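Working notes, beginning with the structure itself.
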Amino acid sequence: MLLSKLVGERTKEAPQDAKILSHILLARAGYIKQVSGGIYTMTMPCQKMSGKIQNIIREEMDRLDGQEVLFPVVMPRELWETSGRYNSIGNEMVRFKDRTNHDMLLGMTHEEAAVHLVNHTVSTYTQLPLMIYQLQTKFRDEARSRGGLIRVREFTMKDAYSFHNTLEDMQDYYAKMYHAYYRIFNRIGLKRFIDIKSDSGMMGGSVAHEYMLLTPVGEDSIVFCNHCDYRANMEVAESVKEKVNFTGEPLQEVFTGDAKTIDDLCKLLNITAKQTAKAVVYAVKGDADKLVVAFVRGDLEVNEAKLKKAVQQDIAVYEGGTSDLITCGNIGLKGLNDKITVVVDNSLQGMRGMVVGANKPEYHLKGFDFDRDLSNQQFCDIAKVCAGDKCPVCGGELRIENGIEIGNIFQLGTKYTKAMNMTIHDINGNLFNPIMGCYGIGVGRAIASIAQESNDERGLVLPMTVAPWQAHICALRLDDENVATKTTQLYNTLCEGGVDTLLDDRNIGAGVKFADADLMGMPIRIVVSPKSLADDEIEITLRATKESYRVPFANALVEVKKIIAAEMEKLNNNADIMPVITPQD
RNA sequence: CGAGGUGUAGCGCAGCAUGGUAGCGCGUAUGGUUCGGGACCAUAAGGUCGCAAGUUCGAAUCUUGUCACCUCGACCA
């Protein structure tokens with residue numbers, strides 16, 4: 001490819017919209033162009049990179065006997081009604097009518113299509129297990145896209161679906177897929193990534209893992225133990241909270257005036273937040289009358305994902321403000337009406353001498369003893385983990401890092417096969433619902449992740465396996481006839497020799513060429529100039545290490561192929577190794 | 001959906017308080033001198049000032065509405 005013809009200009013300055021590094025670099029290097037919020041055009045280099053990542057994913061899926069298929073983007077309402085998701089999914093799924101006024105939708109995931117396919121083509125257990133996958137554009141009308149390619153509305157995704165006769169077989173396959181994901185992320189050159197147990201959420205099923213790239217710009221919080229290998233998404237993370245023992249005392253009302261916040265209370269009564277219980281009010285979605293009040297220790301926060309699980313209902317922070325409960329302000333544990341579900345966190349179990357709301361304006365209760373004053377109360381874990389808490393496994397100290405989700409795998413079980421009434425014959429001729437697993441990777445997010453992680457002050461530093469071009473020729477002084485001739489010769493030799501090559505054929509200053517080459521991030525830079533050609537040599541510089549040396553012009557192809565082979569081997573041969581993640585800073 | 005911010009040339013910005021018909025840098029085009037780390041000189045092209053309505057003799061500037069984008073939050077299959 002000739003750089004002079006390449007669409008997508010390089011800029012010194014980042015577009016106003018770009019705030020995070022991966023977005024800034026991809027935009028400045030001319031890889032992406034925003035069209036609308038969360039909607040981007042990928043230029044040739046980005047598309048080539050995407051293609052290389054997709055091919056690595058294909059290779060790994062094919063190693064697990066995956067069959068590549070292509071499901072439709074547009075599906076009819078009826079198919080999604082069979083799983084119940086036509087109604088359960090919100091506005092992020094685009095719905096529209098076709099010309100005959102038929103309800104249609106854009107597929108944001110393809111469990112229904114996968115079950116539809118297998119249900120209509122497989123009828124006996126002897127055909128299982130099998131896995132089908134696709135690489136396809138997905139559109140999700142995200143409420144808030146952000147961070148360039150990190151969170152977008154339209155993106156290419158690999159989604160895979162496996163079908164099994166038994167739970168054990170699915171679990172075995174899941175383990176293989178778990179491993180394949182490590183291979184994929186290692187091969188595309190990611191470094192600080194890790195798998196964590198996750199909340200299976202509305203996907204159903206019991207076991208799920210997310211793969212996270214650890215980076216401060218990530219939108220997920222990940223809890224790690226500094227001593228053992230415990231790690232989990234904040235949504236499901238558990239911890240042991242240090243208990244502070246306060247002296248028990250008789251229960252009594254205290255006048256607290258308009259002190260409503262934990263802070264106010266602490267100042268007024270001269271106590272710490274740990275000695276209070278705070279109430280957070282939630283409304284059950286779809287039933288405005290039903291309230292859930294969660295109590296946690298004053299210094300802690302409610303983990304809504306855990307709370308949802310505890311009450312088995314979908315909830316949202318209550319914003320009504322009209323109920324007596326709210327206007328009163330000082331919400332306590334005693335004297336709440338039956339419509340209210342009370343959930344109390346483990347952190348309050350056994351606590352004595354606490355201060356809680358009195359359910360009475362301007363008053364709180366002092367000396368609250370959870371064992372004595374709250375009979376028959378169930379306690380459960382609904383508090384967020386804090387850095388410094390104790391590990392639930394080994395008691396070591398926990399830390400929290402942010403991460404970008406780059407892939408996920410789910411053990412779906414029979415959620416979809418049951419809902420969609422998919423049955424096949426077992427060995428005894430009986431019908432059963434096959435067991436499913438599903439597995440996703442966002443390709444665009446992988447590109448953003450690589451950009452976020454692989455760069456220096458000059459620009460992108462792309463891994464050999466995914467770089468759009470392997471070599472980037474900077475021809476200096478193209479007005480020099482010898483340079484022009486030799487450059488063309490070199491470019492042809494490399495291309496014919498199977499090297500993916502970008503040629504900067506513009507007759508401009510060296511500084512601009514070097515700056516563009518550094519920004520675009522190809523692993524090998526080759527300089528052709530009068531200086532080195534005088535010795536019949538070219539100059540090779542490795543982007544990652546800045547290592548630079550000359551080789552005879554005639555050896556260029558051999559040398560470049562040697563570097564490529566070594567780099568490819570480095571990334572591919574270590575694909576099985578889990579990266580060792582050490583705390584950053 | 002809630003809070004805040006920004007919309008002026010391809011990109012980054014100034015101008016707006018106190019209204020008088022738009023400017024800078026980068027990039028682009030042409031010519032010349034340079035040219036191994038974002039060169040210099042000269043000339044030139046390029047703008048419905050997000051959109052709409054209003055106030056006014058006159059609006060990028062004031063008022064109202066609206067749209068888009070960004071950040072934080074809610075949400076995230």
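Heavy atoms only: backbone and side chains are in, while hydrogens, waters and symmetry mates are out. Protein chains get the first letters and strands the later ones, always in sequence-line order, with residue 1 at the start of each. Source: prediction; values computed, not measured.
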Sidechain-backbone polar pair: Tyr133(A) side chain, Gly440(A) backbone, donor-acceptor under 3.5 Å: no
Any residue meeting salt bridge (Lys or Arg N to Asp or Glu O under 4.0 Å) with Asp345(A), in chain and number order, not counting sequence neighbours: none
Residue pairs involving residues 298-307 of chain A (criterion side chain to side chain donor-acceptor pair (under 3.5 Å); sequence neighbours excluded): Tyr282(A)-Glu304(A), Arg297(A)-Asp299(A), Lys306(A)-Asp381(A)
His110(A): partners by ring-ring contact (aromatic ring centres under 6.0 Å, His included), with sequence neighbours left out: Phe71(A)
Side-chain N,O (Gln34(A)) to OP1/OP2 (A68(B)) below 4.0 Å: no
Detail all sub-3.5 Å separations between protein N/O atoms and N/O atoms belonging to nucleotides 39-44 of chain B.
none

base_contact_polar (G37(B) base, Arg525(A) side chain, donor-acceptor, <3.5 Å): yes
Residues that Tyr86(A) engages under side-chain hydrogen bond (donor to acceptor under 3.5 Å, both in side chains), provided they are two or more places apart: none
Rounded interatomic separation in angstrom, taking NZ from Lys513(A) and P from U34(B): 19 Å
Sidechain-backbone polar pair: Asn455(A) side chain, Gln452(A) backbone, donor-acceptor under 3.5 Å: yes
Pairing of Glu539(A) and Lys531(A) as salt bridge, 4.0 angstrom limit: no
Sugar-phosphate, base or nothing in reach of Glu304(A), heavy atoms under 4.0 Å: sugar-phosphate
Pair Thr109(A), Glu111(A): side-chain N/O donor-acceptor within cut-off below 3.5 Å: yes
Sugar-phosphate, base or nothing in reach of Ala515(A), heavy atoms under 4.0 Å: base
Sugar-phosphate, base or nothing in reach of Ser532(A), heavy atoms under 4.0 Å: base
Shortest side-chain distance from Lys33(A), nucleotide among G38(B), C70(B), C11(B): C11(B)
Assigned partner base of A44(B), Watson-Crick or wobble definition, under 3.5 Å: U28(B)
Base-pairing mate for C75(B) - Watson-Crick or G-U, with both contacts under 3.5 Å: none
Side-chain N,O (Arg146(A)) to OP1/OP2 (C72(B)) below 4.0 Å: yes
For nucleotides 2-8 of chain B, which of its nitrogen or oxygen atoms have a protein nitrogen or oxygen under 3.5 Å away, and what is each distance?
unit_1 : atom_1 : unit_2   : atom_2 : d
U6(B)  : O2'    : Gln16(A) : OE1    : 3.2

Rounded distance in Å - CG (Leu3(A)) to P (G38(B)): 18 Å
Separation of C70(B) C1' from Ile24(A) CD1 (nearest whole Å): 12 Å
Spacing of the C1' atoms in G10(B) and C72(B) (rounded, Å): 31 Å
Nearest-Å distance once atom P is located in both G27(B) and C11(B): 15 Å
Same-atom distance (P) from G15(B) to G7(B), integer angstrom: 10 Å
Where at least one partner belongs to residues 437-450 of chain A, residue pairs that pass side chain to side chain donor-acceptor pair (under 3.5 Å), sequence neighbours excluded: Ser162(A)-Tyr439(A)
Pairing partner of A52(B) (Watson-Crick or G-U wobble, both distances under 3.5 Å): U64(B)
Whole-Å P distance, A9(B) and C75(B): 38 Å
Protein-nucleotide distance (Asp456(A), atom CG; G37(B), atom P), rounded to Å: 18 Å
Test of ring centre spacing under 6.0 Å for Tyr174(A) and His164(A): no
Touch class at under 4.0 angstrom, heavy-atom based, for Ala14(A) against every strand present: sugar-phosphate
Separation of atom CZ in Arg477(A) from atom C1' in U34(B), rounded to whole Å: 8 Å
Test: Arg506(A) and Asp504(A) ion pair at under 4.0 Å: yes
Between G37(B) (P) and Glu457(A) (CD): distance, integer Å: 17 Å
Donor-acceptor pair present, Asn91(A) side chain and C75(B) base, under 3.5 Å: no
Opposite nucleotide pairing with C69(B), Watson-Crick or G-U, both atom distances under 3.5 Å: G5(B)
Residue mapping more 5' on RNA chain B - nearest nucleotide basis, Arg550(A) or Gly147(A): Arg550(A)
Which residues share a salt bridge (Lys or Arg N to Asp or Glu O under 4.0 Å) with Lys5(A), sequence neighbours left out: none
Nearest-nucleotide 5' precedence on RNA chain B, Arg506(A) against Trp80(A): Arg506(A)
Tyr178(A) and Tyr211(A) aromatic ring geometry - parallel, tilted or perpendicular at 30°/60° bounds: tilted
Whole-Å P distance, A60(B) and G2(B): 32 Å
Assigned partner base of A14(B), Watson-Crick or wobble definition, under 3.5 Å: none
Nucleotide A74(B), atom P - distance to CG of Asn303(A) in whole Å: 12 Å
C1' gap between G38(B) and G20(B), integer Å: 41 Å
Spacing of the C1' atoms in C24(B) and G47(B) (rounded, Å): 14 Å
Heavy-atom neighbours of Asp535(A) CG exceed 12 at 6.0 Å: yes
Interatomic distance, Glu142(A) CD vs C72(B) P [rounded to whole Å]: 14 Å
P-based separation of U56(B) from U61(B) [nearest Å]: 16 Å
Paired nucleotide for C35(B) [Watson-Crick or G-U wobble; both distances under 3.5 Å]: none
Pairs where residues 129-140 of chain A contributes a residue and the test salt bridge (charged side-chain N to carboxylate O under 4.0 Å, His left out) is met, not counting sequence neighbours: Lys138(A)-Asp159(A)
Tyr181(A) and Phe185(A) aromatic ring geometry - parallel, tilted or perpendicular at 30°/60° bounds: perpendicular
For Asn555(A), all residues meeting side-chain contact (heavy atoms from CB on, under 4.5 Å), sequence neighbours excluded: Pro552(A)
Table of protein N/O atoms under 3.5 Å from nucleotides 25-29 of chain B N/O atoms:
unit_1 : atom_1 : unit_2   : atom_2 : d
G25(B) : N2     : Glu13(A) : OE1    : 3.4

Atom pairs under 3.5 Å, N or O on each side, protein against nucleotides 46-48 of chain B: can you list them with distances?
none

